[in-house]
Every structure is written in C-alpha cells, then in structure tokens.
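Worksheet for the structure shown next.
All figures in this text were calculated on a predicted structure; none of them were measured in a lab. Quick note: residue numbers are just sequence positions, from 1.
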Amino acid sequence: MAHALGSLCALAPGKSVRSLALRACKRFTDCFGSNDDPAVRRAAAAALRAMAVRASNQFADGGPGDIWCRKVLPVAYLGQKDQDEAMSKTWKEVWDDGGASANLSDGSDDEFGVLLEEKLLPYLVKSCVDGLNDVSWSRRKISCGALSDLADLELFAPVKAGVILKDGTASVSDADLIRTRRRAQSSNIALGATVKLI
C-alpha cells in the first residue's frame, strides 16, 4: 500500500504531496506520550518513506515554506532515534533518500562538502527543542539523543579558520562566516533549551 502511495505521489502535484507530508509528520509527533500509538507512527514513517524513495523528485520543490528541509527531514532525523528498530530504519531511509534529493536541489555551490546536518542545523535544533518541550518523556529522550549526535559531529563548534596569512591573521570566506553564524545561533538555542529543561 505504501509503495502505491509513493508512486502516486510521483505523479501528484507538489502542493498536494507537501500537504500530505506535513500531515504525516504531525501525526507522527502527536503519537507520543499519553497518545502513544505505534501503529500510527509506523504508518506515518512508511508514507514518508514511500514519498522519499518513489517520489524523490518532490523533495526538490519544498514550496514557499520549504517543508522538506524545515519539517520533514528534521522529523526524519529525530525518527532515526526511535526505540523501535524497524521504525528507526524506515526513518533512516527517509533521511538518506529525501536528504540526498533536497541536498542536490538547494542550488548552493558555496556549501559543497558540508554535511546535510549542518545545512539543516537550525531546523534540526528547532525540532529537537520542540521535542524537549513536549510532555512525552520518550520524545524528550529522542530529542536529547539527536542533540547529542549533533554535538558529536561538532556542529555546535565554530568553523575552523580558512587560510592563515603570513601576518598571522586568518582569512575567512563569506560562506564560512555564514556557517559560523548558523552554528552559533543554533548552539545558543540548543543550550538555552537544555538549561531550561534542567
């Protein structure tokens, strides 16, 4: 059934597919804690996996709000941390396939070689903070694990200086300045949220 949905999404208008993807993400995040429903979470993951695998061309157009990078991929990143191994694997496929399509379509050549996690860092951190503020302990645990993984990738650390000149000063490109600013803002938000939680 999910494969048929993915094939249909490949032919459907982008706006309809984006709307369906947003509803699947919402259903997934709403089914934790007292509303715990693993069947609904599995169905949401399977639907988004089918879209990522069979309709990956849809990830190239996120619409005016770029929902793939701002909503779907951050949910997929957190979904990889799910305790259910099958669901975690499904979300990993969404992250890998959807992320590859979204990464290729962003059109920014100045971020060549930058991890997808870093490109999406503000959205990943926002999704983690939303999870930390949830009443569900399982969702909080998943969000903490995701923040820990981002820290292990050293994405909250400043970007290393580009070129050291003969006079001892560093020459930093505009792209590196943007990356440094994005990292600093994201680490500030993550740190503030975790301190409030403690």
Side-chain angles (χ1 to χ4, degrees), residues 18 21-22 25-26 28-33 48 59 62-83 88 91-92 94-96 98-165 168-198:
R18 290 189 298 269
L22 282 175
C25 287
K26 176 120 176 73
F28 178 78
T29 56
D30 288 347
C31 289
F32 282 95
L48 286 166
F59 278 75
D66 196 10
I67 65 116
W68 301 114
C69 291
R70 292 176 186 245
K71 301 285 184 191
V72 176
L73 289 174
V75 168
Y77 188 78
L78 291 176
Q80 295 178 79
K81 313 292 179 229
D82 199 292
Q83 293 174 344
S88 175
W91 281 115
K92 176 142 179 52
V94 173
W95 174 258
D96 291 341
S101 297
N103 205 13
L104 290 174
S105 69
D106 72 353
S108 59
D109 292 334
D110 49 330
E111 289 194 317
F112 178 76
V114 176
L115 291 174
L116 179 61
E117 288 89 340
E118 184 174 351
K119 290 181 181 180
L120 301 179
L121 189 60
Y123 312 121
L124 294 175
V125 168
K126 182 185 181 318
S127 190
C128 288
V129 168
D130 290 346
L132 291 175
N133 293 332
D134 198 328
V135 296
S136 165
W137 281 103
S138 59
R139 191 155 176 238
R140 285 182 178 187
K141 182 179 174 184
I142 288 171
S143 297
C144 284
L147 282 175
S148 177
D149 287 352
L150 292 173
D152 289 343
L153 290 171
E154 296 182 2
L155 294 180
F156 294 130
V159 176
K160 294 184 173 99
V163 178
I164 305 296
L165 302 175
T169 61
S171 173
V172 181
S173 69
D174 290 341
D176 284 344
L177 286 175
I178 292 169
R179 289 175 59 205
T180 299
R181 189 174 300 120
R182 179 174 48 215
R183 286 178 172 207
Q185 290 169 345
S186 297
S187 63
N188 182 32
I189 292 168
L191 183 60
T194 52
V195 167
K196 283 181 188 175
L197 186 65
I198 293 173

For Ile142 and Leu78, the nearest pair of non-hydrogen atoms, with its separation, is CG2-O, 3.1 Å

Judged by atom type as modelled, is there a donor-acceptor pair below 3.5 Å linking the side chain of Ser127 to the main-chain atoms of Tyr123?
-> no

* Asked: Got a sec: does the NZ of Lys81 have more than 12 other heavy atoms crowding it under 6.0 Å?
  -> yes

Residues Leu124 and Pro74: closest non-hydrogen pair is CD2-CA, 3.6 Å

To the nearest 0.5 Å, atom SG of Cys128 lies from atom CD1 of Ile189 at 11.5 Å

With side chain to side chain contact (heavy atoms under 4.5 Å, CB included) as the criterion, how do Val72 and Arg18 come out once you've worked through the C-alpha distance, each side chain's angles and the decisive distance to 0.1 Å?
CA-CA 9 Å; Val72 176; Arg18 290 189 298 269; over 6 Å; no

By side-chain hydrogen bond (donor to acceptor under 3.5 Å, both in side chains), Thr180 pairs with (sequence neighbours left out) none

Nearest heavy-atom contact between Gly99 and Leu116 is CA-CD2, 3.4 Å

The reported gap from NZ in Lys126 to CG in Leu120 (rounded to nearest 0.5 angstrom) is 14.0 Å

Across all chains, not counting sequence neighbours, the side-chain hydrogen bond (donor to acceptor under 3.5 Å, both in side chains) partners of Lys141 are none

By salt bridge (charged side-chain N to carboxylate O under 4.0 Å, His left out), Arg140 pairs with (sequence neighbours left out) none

By salt bridge (charged side-chain N to carboxylate O under 4.0 Å, His left out), Glu118 pairs with (sequence neighbours left out) Arg179, Arg183

So salt bridge (charged side-chain N to carboxylate O under 4.0 Å, His left out) across residues 184-198, not counting sequence neighbours, yields none

Exactly one candidate in Val129, Asn133, Leu132 meets side-chain contact (heavy atoms from CB on, under 4.5 Å) with Leu197; the answer is Leu132

Side chain to side chain contact (heavy atoms under 4.5 Å, CB included) filter on Ala76, not counting sequence neighbours, yields Trp91, Val94, Trp95

Sorted by chain and residue number, the side chain to side chain contact (heavy atoms under 4.5 Å, CB included) partners of Asp152 (sequence neighbours excluded) come out as Ser148, Asp149

Taken in chain and number order and not counting sequence neighbours, the residues that satisfy side-chain hydrogen bond (donor to acceptor under 3.5 Å, both in side chains) with Gln80 are none

Asp96 meets the side-chain hydrogen bond (donor to acceptor under 3.5 Å, both in side chains) criterion, sequence neighbours left out, with Lys92

Side chain to side chain contact (heavy atoms under 4.5 Å, CB included) filter on Phe156, not counting sequence neighbours, yields Leu121, Val125, Leu147, Leu150, Ala151, Ser186, Ser187, Ala190

Residues passing the side chain to side chain contact (heavy atoms under 4.5 Å, CB included) test with Asp30, sequence neighbours excluded, are Lys26

Contacts of Phe32 meeting ring-ring contact (aromatic ring centres under 6.0 Å, His included) (sequence neighbours excluded), chain-then-number -> Phe28

